[in-house]
Amino acid sequence: MPRANDEVARALNELAVLTEIEEANPQAFRVRAYQNGVRAVSGLSRDVSTMSAAELQQVKGIGKAIASKIREQVDTGRMGKLEELRQKYDPGLLDLLKVPGLGAKTVQLLNDVLGIKDLDGLRSAIDEGRLRDLPGLGEKTERNLKKALERLRETSHENRMPIARALPLAEEIVATLDLLPAVQQVEYTGSLRRFRDTIGDLDVLVASDDPEPVMAAFAELGLVREVIAQGPTRASVLTWDGLQVDLRVVEPAHIGAALVYFTGSKAHNIQLRERAIKRGWTLNEYALSDAETGAVIAGATEHEVYDALDLAWVAPEMREDAGEVQAAAAGELPDLVTVEDLRGDLHDHSDWSGDGRSSLDEMVAAAAERGLSYLAITDHAENLRINGVDRAGMLRQRKELAQLQERHPDLRLLHGAELNVGRDGSLDYDEQFLLGFHWCVASVHSHFRLEPDEQTERVVAAIRHPAVNVIGHLTGRRIGKRPGIELDVEAIFDACVETGTALEINCNLDRLDAAAEVVRDGAARGVTFVVSTDAHHTQELDYHRHGVRQARRGGLDKAQIANTWDTDRFLEWAGAKRSEVRT
DNA sequence: GCCGTTTTCGGCCCGACTGTTTTCAGTCG
């Protein structure tokens, strides 16, 4: 996300929280409008500081008032309305709202009656037993808040978990519950099923006629540290590493509606419900049903629900209220790429790179086993001091690869390299040597903190190099660990289209780079993508399944992904750029 | 504050769980 968007989103979010306190109601329409604004800004790949108020208003969720607030923030560095509310409410109140169990109403009550303005104030009030006498509160609430405060100190609730940690955890929970005889179906849902980069909490959905043993088994999972809430069909637990996991059990006849409901996004669901209402129906987690008679119209499968609403089934990765409902209604959803569509992998390391773990022939054999049609070995080039391969090494590797090619006639092997984009956009080796490779990935591995125009310039220089076929992990981000370089993505798209250079979708869960919104916007501009594992070990060739979901989040059709093409077409395209230079 | 194949005004999703209530309010997702 461009830095300006990040700043604006933060300001709008604070505005939403303060307004929530002001109106003492999280449902207040103004609060929701601001929250929608945060989502709208976060979902833009374009830099908001370059957009006029009129252009901003074109974005769904941004109207006249929010557009002018954004311009004000960009032009003056402040937002009048926000400053006003900051004057009025103590910043500690924002911390109080983050305490699980405390909402706007109670925070205002605490402030008005007891003068509690921050976490310390709350702590002393609890210790002195002053909360229990407030209307609507009691000893139990006091105890719960005390616990919530302790928990807050250990695990920061606002830190979302990177998908690289959440997905394995979810798969483990799903696999364990799936073993129970009472469980007919179990899926993780929520933002993880939509394949967001980070996950706030984990949602698990079970279809069962007999919820009791499921609830019991869930609460007793080894990774559960504490049960936060537990009813007959719903429970929330906290894992040892601070992730909240919510379980919901529904009858098998309701699993379709429940999957829709719990997969979200919230905004996508609201779109569906509004559609239902217009037809005189209601949609909840149990079913789509007639509002008058209660007669069930659909609910057993997701497809049934979408179908009844005159919509094509929308893939979970696209359910972000970014126009997918309208597209589903018009029959204009993209035919999303699937993992079976991928025919090759184009960013792979061997132990010739210092960080590779499998040998060349192991990598090649593993790719052949998986039925790939082509494979590019792209070990690190020499400028990467620790891991790089020098010229002599690369030439030896090329010979070895040629021998392996004879043993694997059905797998076309390409000798490539992962080049390092230098601070000034320069690359390893020299142009003649680079043109000797079949396939070159160029990636940023250093100088992450340059200004956006410098970053853009160096990457564009790499894109313009005749030997470079694709830019690897565009920003170098590590989700939850390192933000990645800032770029003018529009300039990148233009250079890619002009030169016939692709952008990579890196399958590593730590990276998933380019980001989904960049993929979406780039595809609209005509950029070609490749989905590559960046495997450093044979097992990582299976990471295609992650990259494909990232591509689907970006709305990609297989036609836009070069490594779905058959070998001849792919080779012709890959060779086109460098042959232009030779002639 | 936003939005429009019924709308430029009048709507804006809905149910589980908890704790405090004898019928419901607040919070959460």
Side-chain angles (χ1 to χ4, degrees), chain A residues 12 15-16 19-20 22-40 56-70 81 97-110 131-145 148 157 189-191 199-205 211 215 227-236 244-250 254 257-258 260-289 291 310 321 325-326 329-330:
Chain A
L12 282 177
L15 188 60
T19 306
E20 189 178 330
E22 168 107 339
E23 311 214 354
N25 181 6
Q27 304 302 325
F29 302 123
R30 199 184 309 238
V31 174
R32 275 164 41 182
Y34 289 147
Q35 288 166 344
N36 285 339
V38 173
R39 274 199 326 117
L56 285 166
Q57 281 184 62
Q58 297 299 307
V59 180
K60 196 161 165 285
I62 299 179
K64 209 169 155 193
I66 293 183
S68 105
K69 285 182 172 67
I70 293 176
K81 179 83 186 200
L97 262 188
K98 287 179 196 153
V99 178
L102 274 190
K105 288 250 167 71
T106 315
V107 166
Q108 213 183 46
L109 181 74
L110 295 177
L131 253 51
R132 63 188 69 173
D133 299 327
L134 291 177
L137 277 66
E139 282 184 48
K140 190 74 187 287
T141 304
E142 206 174 69
R143 270 203 304 280
N144 284 346
L145 285 174
H157 198 68
T189 61
S191 53
I199 275 71
D201 51 32
L202 189 58
D203 298 297
V204 178
L205 180 63
M215 304 302 293
V227 178
I228 299 170
Q230 185 170 8
T233 63
R234 182 174 178 159
S236 295
Q244 182 173 326
V245 187
D246 297 333
L247 173 74
R248 183 67 179 270
V249 183
V250 300
H254 298 147
V260 172
Y261 184 88
F262 289 107
T263 298
S265 64
K266 195 182 275 192
H268 177 85
N269 286 352
I270 288 173
Q271 292 275 321
L272 297 189
R273 283 211 197 85
E274 285 175 358
R275 247 181 122 75
I277 290 168
K278 280 178 189 156
R279 287 163 170 72
W281 303 335
T282 63
L283 177 61
N284 60 23
E285 62 260 59
Y286 298 111
L288 180 66
S289 39
D310 295 320
D321 187 26
V325 176
Q326 290 75 4

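Residue numbers start from 1 in every chain, and the chains themselves are labelled A, B, ... in the order their sequence lines are given, proteins ahead of strands. Reckoned from all heavy atoms, side chains included, excluding hydrogens, waters and symmetry mates.
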Could you state the CD-P distance from A:Gln108 to B:dA25, rounded to the nearest angstrom?
17 Å

In this structure, how many angstroms lie between the C1' atom of B:dT21 and the CZ atom of A:Arg132, rounded?
18 Å

Please report the closest heavy-atom contact between A:Asn284 and A:Ala257, naming both atoms and the distance.
O-CB, 3.8 Å

Indicate whether OP1 or OP2 belonging to B:dC28 is found under 4.0 Å from a side-chain N or O atom of A:Ser236.
no

Using modelled atom types and a 3.5 Å cut-off, is there a donor and acceptor pairing between side-chain atoms of A:Thr106 and backbone atoms of A:Leu102?
no

Pairwise P distance for B:dG29 and B:dG10, with rounding to whole Å:
35 Å

First encountered from the 5' end of DNA chain B, between A:Lys105 and A:Ala67:
A:Ala67

Donor-acceptor check, side chain of A:Ser265 to backbone of A:His268, threshold 3.5 angstrom: yes or no?
yes

Letter by letter from the 5' end, nucleotides 9-18 of chain B scores (B base, S sugar-phosphate only, - none; protein heavy atoms under 4.0 Å) ---BBBBSSS

Between B:dT7 and B:dG11, how many Å separate the two P atoms, rounded to a whole number?
14 Å

Could you work out the separation of B:dT21 and B:dG26 based on their P atoms and round it to a whole Å?
13 Å

So which atom in A:Val249 and which in A:Pro211 form the shortest heavy-atom distance, rounded to 0.1 Å?
CG1-CB, 3.8 Å

Would you mind reading off the distance between A:Gln57 atom CD and B:dG4 atom P, rounded to a whole angstrom?
13 Å

Scanning both residues in full, the closest heavy-atom pair of A:Ser191 with A:Gly200 reads OG-N, 4.4 Å

For the backbone of A:Thr189 and the side chain of A:Asp203, can you confirm whether one donor and one acceptor N or O come within less than 3.5 Å of each other?
no

Take atom C1' in B:dT8 and the same atom in B:dG1, then report the distance between them in whole Å.
14 Å

Please report the distance separating the P of B:dT20 from the corresponding atom of B:dA25, rounded so that it comes out in whole Å.
16 Å

What nucleic acid atoms does A:Leu137 come within less than 4.0 Å of, heavy atoms only: base, sugar-phosphate, or nothing?
sugar-phosphate

In B:dT7, glycosidic geometry as syn within 90° of 0 or anti otherwise:
syn

Can you measure A:Glu139 atom CD to B:dG19 atom P for me and round it to whole angstrom units?
13 Å

Could you check how far CD of A:Glu20 sits from P of B:dG1, rounded to whole Å?
16 Å

Identify whether any heavy atom of A:Asp246 sits under 4.0 Å from a base atom; if not, whether one sits that close to sugar-phosphate; answer base, sugar-phosphate or nothing.
sugar-phosphate

Check for a donor-acceptor pair, side chain of A:Glu142 on one end and backbone N or O of A:Leu131 on the other, with a separation under 3.5 Å.
yes

Watson-Crick or G-U wobble mate for B:dT8, both contacts under 3.5 Å:
none

Please classify the nucleic acid contact of A:Lys69 as base, sugar-phosphate, or nothing, using heavy-atom distances under 4.0 Å.
sugar-phosphate

Which part of the nucleic acid, if any, lies within contact of A:Gly61, taking any heavy atom under 4.0 Å across all strands shown: a base, the sugar-phosphate backbone alone, or nothing?
sugar-phosphate

To the nearest angstrom, how far is A:Leu134 atom CG from B:dA25 atom P?
18 Å

Would you measure the distance from the C1' atom in B:dC13 across to the matching atom in B:dT27 and give it in whole Å?
16 Å

Atom pair CD1/OG of A:Ile62 and A:Ser68 - distance to nearest 0.5 Å
11.5 Å

Starting at atom CZ of A:Arg275, determine the distance to atom C1' of B:dC3, rounded to an integer number of angstrom.
16 Å

Just the rounded figure in Å: distance from C1' of B:dG4 to NZ of A:Lys60.
11 Å

Could you walk me through whether A:Glu22 and A:Arg30 pass salt bridge (charged side-chain N to carboxylate O under 4.0 Å, His left out), step by step?
CA-CA 11 Å; A:Glu22 168 107 339; A:Arg30 199 184 309 238; over 6 Å; no

With heavy atoms under 4.0 Å as the rule, sort A:Ala104 into base, sugar-phosphate or nothing.
sugar-phosphate

Let me spell it out: for each of A:Lys278 and A:Ile62, pick the nucleotide of DNA chain B with the closest heavy atom. Which residue's pick is nearer the 5' end?
A:Ile62

Quote, to the nearest angstrom, the C1' distance that separates B:dC17 from B:dC12.
25 Å

